[in-house]
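Encoded as structure tokens, the structure appears first; notes follow it.
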Amino acid sequence: MSRSQPQSIALRRRRLGLTQGRLGAMVDMDQATVSRAENGMAPAQAEVLAETLKRLERQREQGDQREANAFWEAVPESPHRDSLLERLEAIASDLFGGSYREHENAIRLLDCLPAGIRTRTLRRLRRTKGE
């Protein structure tokens, strides 16, 4: 396991709004074990936490995308709808190439767009970024 993984576990946990105790309860670990895993002193537990966080992030993303799709389906077609979507897509594109935080915000902004636009934009951005 890389040295950066424990630090990313703590960051990802905080981003999801979880305490060490709440995350530990999800995987039958106490708070002290989660803390040791985040500090790199419990590699096996860090792997379990990383997988759990990955699953939770995926669930959150899917929920955000379902909400966005439902919203845009409920919005009646209007002359300004397309220009609004284009502007949001352009903002996300600008943020995508920035810092880690800007990149994360770009992903969250794209999650607010309809599925077709989100998918098309992510493919284009990842292709131009070389991911």
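As a basis for the values below, the full set of heavy atoms in this structure was taken, side chains included, without hydrogen atoms, waters or symmetry mates.
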* To do: Count the heavy atoms belonging to other residues, nucleotides or ligands that lie under 6.0 Å from CZ of R87, then report whether that count exceeds 12.
  => no
* To do: Answer yes or no: are there more than 12 heavy-atom neighbours, outside R55 itself, under 6.0 Å from its atom CZ?
  => yes
How many angstroms lie between [atom1] in [X] and [atom2] in [Y], if you round to the nearest 0.5 Å?
X   : Y   : atom1 : atom2 : answer
Q20 : R36 : CD    : CZ    : 10.5 Å
S8  : R15 : OG    : CZ    : 9.0 Å
T33 : M41 : OG1   : CE    : 10.5 Å
M26 : L49 : CE    : CG    : 11.0 Å
E67 : N69 : CD    : CG    : 10.5 Å
E61 : L56 : CD    : CG    : 13.0 Å

Which heavy atom of [X] sits nearest a heavy atom of [Y], and at what distance?
X    : Y    : result
A92  : A106 : O-CB, 3.3 Å
A50  : R12  : O-NH2, 3.4 Å
G24  : V34  : CA-CG2, 3.5 Å
L23  : L18  : CD1-CD1, 4.2 Å
R124 : S93  : NH2-OG, 3.2 Å

Heavy-atom distance under 4.5 Å between the side chains of [X] and [Y], does that happen here?
X    : Y    : value
E38  : R13  : yes
W72  : R81  : yes
E57  : L16  : yes
Q31  : T19  : no
M29  : V48  : yes
E104 : R108 : no

Show me the donor-acceptor pairs within less than 3.5 Å that the side chains of residues 109-122 make with the rest of the protein, sequence neighbours left out.
residue : atom : partner : partner atom : Å
D111    : OD1  : Q65     : NE2          : 3.3
R118    : NH1  : L113    : O            : 2.6
T119    : OG1  : A115    : O            : 2.9
R120    : NH2  : E89     : OE1          : 3.1
R120    : NH2  : E89     : OE2          : 3.1
T121    : OG1  : E89     : OE2          : 2.5
T121    : OG1  : I117    : O            : 2.8

